[in-house]
Amino acid sequence: ITTEYTQELWTLVFFSSRIKQEWNFILECRKKGIPQSKYLKNGFVDTDEKVLDTYGKTPQLQKKRALSDEANKERNKFIFQLSGQQWTEFPESLKDQTFLKEWHVSNTLIQTIPDYIALFQELRVLELSKNQINHLPVEIGCLKNLKVLNVSFNNLKSVPPELGDCENLEKLDLSGNMEIRELPFELSNLKQVTVVDVSANKFPSIPICVLRMSNLQWLDISSNNLRDLPEDIDRLDQLQTLLLQKNKLTYLPRALVNMPKLSLLVVSGDDLVEIPTAICESTTGLKFISLKDSPVETIVCEDTEEIIESEREREQFEKEFMKAYIEDLRERGMR
């Protein structure tokens, strides 16, 4: 390895680390409600920790924080939280707390959701990201009040048709499972869903049931195996954001121009040979972003699980990057 190559490599590592640091800083600022003008200096991110320390120390904001803390204390009575790799299954005591409204379980080694979840009729939020869950129980269809289901970055390969019985579901996140190829038609019943994220899986096409989710506003199906889009994609007349990057699309259907509320379309431009002129010219008010896929070196590794975990980590980082990028676009009015 030459000295110049080593220097270039270290420069790349430095800038990758710097970019990650800046995005993490922006996310932290947004969590604290710090406006963009406070952490940008001459158009660039200023990662001065004083921004985080000094913002929010005024009496008015301290009073708001005290009220917020009180509200959070009351809310936490109905929330179950679990994290850490020492957990391989849910605690036995959980089944006696059927009054709970939210489950937040992450970064555990839990593989199975218990059947007694059917007893939790007040459940509104089921956040189970970054675990080892390998299937969803059919009992999940009993959760008639469920609004948010997040089982991203687990080991799911399929979804039960019974999920279509969760008629009040508004957000469905199945991203990062790497192996899901299709969704049951019964999910067409989810008419209240506004957000669907099935990125980082193996979908060869947009599932028919998704095209029938009449209230859908956000669809992320990036990092899949899409080669084309359905000609009737304009059925999604409420769709505002469509993320398609890291697929194998060769053309975009003209039907995209007929989607009145579509304001952001992101694709990978490497394989595209045909794009409707109206999209390129943004005559519809659409923000069209065509990304180039950066070549990623193949890592030779004997352990397949290590490759999958490395891919998942990369997908997680890229998702956070895209979310922050889109939020930044919206803050600037997508101009």
Side-chain angles (χ1 to χ4, degrees), residues 79-85 87-91 94 100-120 122-184 186-190 192-203 207 209-210 213 216 218-224 243 305 308-309 311-313 315-320 323:
I79 297 176
F80 170 69
Q81 294 182 309
L82 194 67
S83 183
Q85 297 200 349
W87 295 100
T88 57
E89 57 185 20
F90 287 90
L94 179 60
L100 291 171
K101 294 183 178 180
E102 299 184 18
W103 287 14
H104 296 268
V105 180
S106 64
N107 297 299
T108 74
L109 298 179
I110 292 174
Q111 297 183 22
T112 306
I113 300 173
D115 296 346
Y116 61 69
I117 194 171
L119 302 174
F120 288 74
E122 297 301 314
L123 207 58
R124 304 289 196 278
V125 176
L126 192 53
E127 292 266 2
L128 304 173
S129 64
K130 302 176 188 175
N131 298 290
Q132 301 295 319
I133 296 168
N134 51 42
H135 79 281
L136 296 178
V138 297
E139 287 80 6
I140 201 164
C142 298
L143 305 178
K144 304 300 183 184
N145 291 308
L146 192 66
K147 292 184 179 294
V148 175
L149 175 61
N150 181 352
V151 281
S152 61
F153 295 95
N154 280 280
N155 296 323
L156 297 176
K157 293 185 178 181
S158 63
V159 175
E162 287 78 7
L163 182 58
D165 295 332
C166 297
E167 54 195 28
N168 287 301
L169 197 66
E170 296 176 0
K171 179 181 178 181
L172 175 61
D173 191 343
L174 300 167
S175 62
N177 280 282
M178 312 300 285
E179 294 292 334
I180 304 177
R181 299 171 185 270
E182 59 183 355
L183 294 178
E186 286 80 0
L187 269 60
S188 301
N189 298 328
L190 303 178
Q192 302 303 313
V193 168
T194 58
V195 175
V196 169
D197 189 342
V198 290
S199 59
N201 279 291
K202 290 187 177 178
F203 287 95
C209 63
V210 172
M213 294 176 180
L216 194 61
W218 173 295
L219 175 59
D220 187 348
I221 194 167
S222 58
S223 299
N224 276 278
L243 306 182
E305 289 186 2
I308 292 173
E309 282 308 308
E311 181 71 11
R312 280 197 173 117
E313 287 175 7
E315 289 292 348
Q316 285 180 39
F317 173 72
E318 289 183 1
K319 280 180 69 64
E320 289 299 323
K323 283 180 182 176

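All residue numbers in this chain count up from 1 along the given sequence. Hydrogens, waters and symmetry mates play no part in the numbers below; they use all other heavy atoms, side chains included. All values reported here derive from a predicted model rather than from experimental measurement.
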[X] side chain near [Y] side chain, heavy-atom distance below 4.5 Å:
X: N134; Y: N154; answer: no
X: L82; Y: I110; answer: yes
X: L219; Y: M213; answer: no
X: L149; Y: L163; answer: yes
X: T112; Y: E89; answer: no
X: H104; Y: V125; answer: yes
X: V210; Y: L183; answer: yes

Show the nearest heavy-atom pair for residues [X] and [Y], with the distance to one decimal.
X: L190; Y: G164; value: CD2-O, 3.8 Å
X: L172; Y: L187; value: CD2-CD2, 4.2 Å
X: I113; Y: I133; value: CG1-CD1, 4.1 Å
X: S199; Y: N224; value: CA-ND2, 3.7 Å
X: I140; Y: P160; value: CG2-CG, 4.4 Å
X: R312; Y: F153; value: O-CE2, 3.6 Å

Pairwise distance [atom1]([X]) to [atom2]([Y]) - rounded to 0.5 angstrom:
X: E318; Y: S222; atom1: CD; atom2: OG; result: 8.5 Å
X: L128; Y: L136; atom1: CG; atom2: CG; result: 8.5 Å
X: S175; Y: L156; atom1: OG; atom2: CG; result: 10.5 Å
X: E186; Y: E162; atom1: CD; atom2: CD; result: 8.0 Å
X: Q316; Y: K130; atom1: CD; atom2: NZ; result: 4.5 Å
X: D115; Y: C142; atom1: CG; atom2: SG; result: 10.0 Å

Under 3.5 Å, is there a donor-acceptor pair linking the side chains of N155 and Q132?
-> yes

Residue K157 excluded, over 12 heavy atoms near NZ under 6.0 Å | no

Does CD in E170 sit with more than 12 non-hydrogen atoms of other residues, nucleotides or ligands closer than 6.0 Å?
-> yes

Sorted by chain and number, sequence neighbours left out, ring pair (Phe, Tyr, Trp, His ring centres under 6.0 Å) with F203 holds for none

Indicate yes or no for a side-chain donor-acceptor contact from [X] to the backbone of [Y] under 3.5 Å, with no hydrogens or angles considered.
X: N145; Y: K101; value: no
X: N131; Y: T108; value: yes
X: S106; Y: S83; value: no

Determine the sole option in V105, I117, N150 for which the side chain to side chain contact (heavy atoms under 4.5 Å, CB included) test with L126 is passed.
-> I117

F80 and F90 aromatic ring geometry - parallel, tilted or perpendicular at 30°/60° bounds | tilted

Quick one: do K202 and E179 make a salt bridge, cutoff under 4.0 Å?
-> yes

